[in-house]
Amino acid sequence: MSLRPVYIRAIASLGAEDPDFRQLFSPLEARRMGRLLKRAVWTSRKALESAGLAMPDAIVTGTDFGSMIQSEAFLGALKQGGDATPRPTNFMQSTHNTIGSLIAIQLGCHGYNATYSHKGNSFRSALQDAWMQISLGDIDTALVGWFDEAFAPVGSTDKAVSVVLTASPEGAMGRYEDLLGTLLES
Amino acid sequence: MSAIGCGQAETLAALRERRSGIGPVKYLETSLRDFPVGEVKLSNAELAARTGAPDTWPRTTLLSILALQEALLQASLFPDGKAFSSAKKKADASLCPEGKAFSSAKKKADATENAFPSGKVESLQESLILVSGTTVGGMDLSERLYPAYSPWHSCGDSTDLAARFLGFSEATTLSTACSSAANAFIYAANLIRCGLAERVVAGGAESLSDYHLNGFNSLMILDREWCRPFDATRAGLNLGEGAAFLVLETEESALERGAKPLAVLSGWGNACDAFHQTASSENGEGAFLAMSKALKVAGLEPSQIDYVNAHGTGTPNNDASESMALRRIFGDCIPPVSSTKPYTGHTTSASGSIEAVFCLLALQHGFLPPQLNWKEADPACITPFCHSERSEESCEESFRHILSNAFGFGGNDTSFILSRV
C-alpha cells in the first residue's frame, strides 16, 4: 500500500506557567475542570486556531500518567476513611481518557478518539496512531496532544502540547518526519 | 482469562453450559463486600506460580502474562514451555520486589526501563510488538503500598513488565477506559496495514481494584444483585476482571509460516459520543457511528451481521443508548444480540478482547453465547438472545460475521467485526 505524506500545520504548547483561563472558560467551567484539563483544552484550541481548522477528523491523546492529582485525591479519601468520601468527580477525572474526551465534548467532535498511556512513549504512540491513519488515507486531519501534570511521587512534570497533523501540505510548518524529533523533545 | 475460566477450554465450557463466574468478593481487598464481582478464580500467588512471574507484580500484569502465554503458544510464536522458567530467573534478577522503599524501587524501575528493549528476556523467536489496553494498571499495588505509589502503578509500567517478561521487542498501552482493548486492535491493524509489522499481539487486561470498585460505586452504577443487561429491572453493572490477547497478522505471513487463521478482523470503527464524561447520549450517536464505520470498513451491509456481542453493561443508561444505536443500524431486522457481562461481569479495559475471544469461540464452534439472567422486556431496549440449545445448533456453520461493541467513559466507542475465514 502506498502511504501518503503527513504534514504538521500547527503546534501550541504551555510551559509551567498557566495562561489567563478566563479568556476561554466561564467561571463555572473553570471550577469544574482541573488544571490539567484546562491546559489541555487551551492548547487544543490554540493549535486548531493557528491551523485554521474548525474540526479535526481525529483527536489522539498521550498522557504518561493521567491525572495523578485526581487519583491521589480519590485514593486518599478511600484510604483515610472517616469523613472523607471518595468523590465521583475525582474518579472520573482520574481516568486517562477524560482529557481526550473532554476536548471532543468541547469541540463537538464525533471522530476517532483514542488515548495512549505508556510512560515516556505516550505522545510518540499518539503521534504514530494519527500518522498511520492519515498515511493510510483513513482521515485527513488530526489533533494530537500530550498532557501531564507535575506529581513528585511518580516523577511526572507539567506538559501541555497540541499538534495539528494534516494530509494537505497547505500552510504546513513542515513534513511530519522532519519535525518529529523536535516535537518529542518539547 | 476471566471469571468463567483460565484459558479457552474452560471459557468455552462455561459459555456452552451457561455458567456465570459472578459471585461474592473472595480475593479483592475491599470494604465494598456486598457487591457481586466477576473475579478470576486464582490468587496472585497462584497466578504467579502458573506464569513463573513474581507474585509481587501487579495483578493486571499477571493476568496479561497468562493470557499472552496461551495466545503465543497457540499461534506457534513461543518455542516451548521451557522459555518461561529461564524468563522468570532473568526477570527476578532485573526487577525488584515489592516492599522496598519507594525511591529505590523507582530507581530500579527507571534503570530497567532504560534497559528495555535491549535488556529483554530472550524467549520470543522474533521481534514482536505488544499493544495492550488497560486503565487500572498497577493500582492494586498502590492500594496496598499507600501512601507510596507502586513503581508499576502506571498503565505503561504494568504493560511493560509483561512485555519484558515474555520478550516482546516493543510495547504500548491504550487507555480509553472500557474500550481500551478494542482500540488496541485498531492500532495493531494499522501497524500491519502500514507495513510496520507483519504480526502484532493486541488485547487488554484489567484486574479488579478497590479503587475502581469504589469509583463505580461513587457514580452509583453498581448493582447489588446479578446484573441484568437490557432487562426492564436492570440497576447497574457488576465489575469483573481478566485479560485476553489476539495475534493479528497478514494473510501472507500466516500462510508463509503455516499458521492456521482463526478468523478475519474484517472491520473496525472508533467514534466519540462527545456527550458527557460518564453518560451515553440518548440517541447513541457514538455507538451508531462506531458500528457504521466498522460495517463500512468490512464492506458489509447490516443484514450480513449474524450476531452482535453487545457492550450491554446492565446500567440503565448504557443499555438504552446502545439499543437505540442498534435500532438505528439494523432497523426492524436486528440479528441475535447478547451481552456476556452476566458471565464475566464488566471487565472494563479488557472487555473488548475478552469478548473478542468469545466471538472467536462462537465462530469456531458454531454457537451463539446466550444471554443469562434476562427476564423482563424493556420497551427502551432490544430483546437479547437468550435461548436455546436447539436453536444454537441450527445456526451452526450458518453464521459468518460477528460484530462486537466496547464503549468507554467519555464516549470512547469502538466496534469491530470478526468474520469466518
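Each chain gets a letter, A, B and so on, in the order its sequence line appears, and its residues count up from 1.
Annotation: maximal heavy-atom pairing with chain B below 4.5 Å, among A:Asn121, A:Ile103, A:Leu102, A:Ile59, occurs at A:Leu102. Counting heavy-atom pairs closer than 4.5 Å to chain A, the top residue among B:Val131, B:Asp273, B:Thr414, B:Asn183 is B:Asp273. By number of non-hydrogen pairs under 4.5 angstrom with chain B, the leading residue of A:Gln106, A:Met92, A:His110 is A:His110. Options A:Asp129, A:Thr98, A:Thr95, A:Leu75 differ in how many heavy-atom pairs under 4.5 Å they form with chain B, and the most are formed by A:Leu75. For the options B:Leu219, B:Asn217, B:Val136, B:Asn214, heavy-atom pairs under 4.5 Å to chain A are most numerous at B:Asn214. For the options A:Ser135, A:Cys109, A:Ala126, heavy-atom pairs under 4.5 Å to chain B are most numerous at A:Cys109. Comparing B:Asn190, B:Thr278, B:Asp413, B:Thr173 by how many heavy-atom pairs each has under 4.5 Å with chain A, the most go to B:Thr173. Chain B forms more heavy-atom pairs under 4.5 Å with one residue of A:Ala104, A:Pro86, A:Gly111 than with any other, namely A:Gly111. Among the candidates A:Asn97, A:Leu78, A:Thr61, A:Asn90, the residue making the largest number of heavy-atom pairs closer than 4.5 Å to chain B is A:Asn97. When each of B:Ser179, B:Gly215, B:Ala177 is scored by its heavy-atom pairs under 4.5 Å with chain A, the top score falls to B:Gly215.
Neither the backbone nor the side chain of A:Thr85 comes within less than 4.5 Å of any heavy atom in chain B. Looking at B:Leu174, the atoms closer than 4.5 Å to chain A (heavy atoms on both sides) sit in the backbone and in the side chain alike. Only the side chain of B:His153 has a heavy atom closer than 4.5 Å to any heavy atom of chain A. Using a 4.5 Å cut-off between heavy atoms, A:Arg124 makes no contact with chain B at all. In this structure, chain A has a heavy atom under 4.5 Å from the backbone of B:Phe275, while its side chain stays farther away. Both the backbone and the side chain of A:Glu72 come within contact range of chain B, judged by heavy atoms closer than 4.5 Å. Interface residue B:Ile186: only side-chain heavy atoms are found under 4.5 Å from chain A.
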### Candidate pair A:Asp148 and A:Thr63, rule side chain to side chain donor-acceptor pair (under 3.5 Å), full reasoning
CA-CA 6 Å; A:Asp148 272 291; A:Thr63 177; 3.2 Å; yes
### Task
Kindly determine whether A:Ser94 and B:Tyr211 satisfy side chain to side chain donor-acceptor pair (under 3.5 Å), including the steps that lead there.
CA-CA 11 Å; A:Ser94 76; B:Tyr211 186 91; 2.8 Å; yes
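Remark: A:Lys38 is not positioned above the aromatic ring of A:Trp42, lacking an NZ or CZ atom under 6.0 angstrom from the ring centre and at most 45 degrees off the axis.
Using a cutoff of 4.0 Å between basic side-chain nitrogens and carboxylate oxygens, B:Arg164 and B:Asp157 are not scored as salt-bridged. Between B:Glu285 and B:Arg328 there is a salt bridge, since a side-chain N of the basic residue sits under 4.0 Å from a carboxylate O of the acidic one. A salt bridge links B:Arg193 with A:Asp138: at least one charged nitrogen is closer than 4.0 Å to a carboxylate oxygen. The pair A:Lys159-A:Asp64 fails the salt-bridge criterion, with no side-chain N (NZ, NE, NH1 or NH2) lying under 4.0 Å from an Asp/Glu carboxylate O.
Between B:Phe185 and B:Phe416, the ring planes lie perpendicular to each other; the angle is over 60°, past the 30° to 60° tilted range. Relative ring orientation between B:Phe216 and B:Phe409 is described as parallel, the plane-to-plane angle staying below 30° on a 0-90° scale split at 30° and 60°.
With A:Gln93 contributing its side chain and A:Met33 its backbone, the two residues share no donor-acceptor pair below 3.5 Å.
Of the listed residues (B:Ser132, B:Cys155, B:Ser158), just one forms a side chain to side chain contact (heavy atoms under 4.5 Å, CB included) with B:Thr60, and that residue is B:Ser158.
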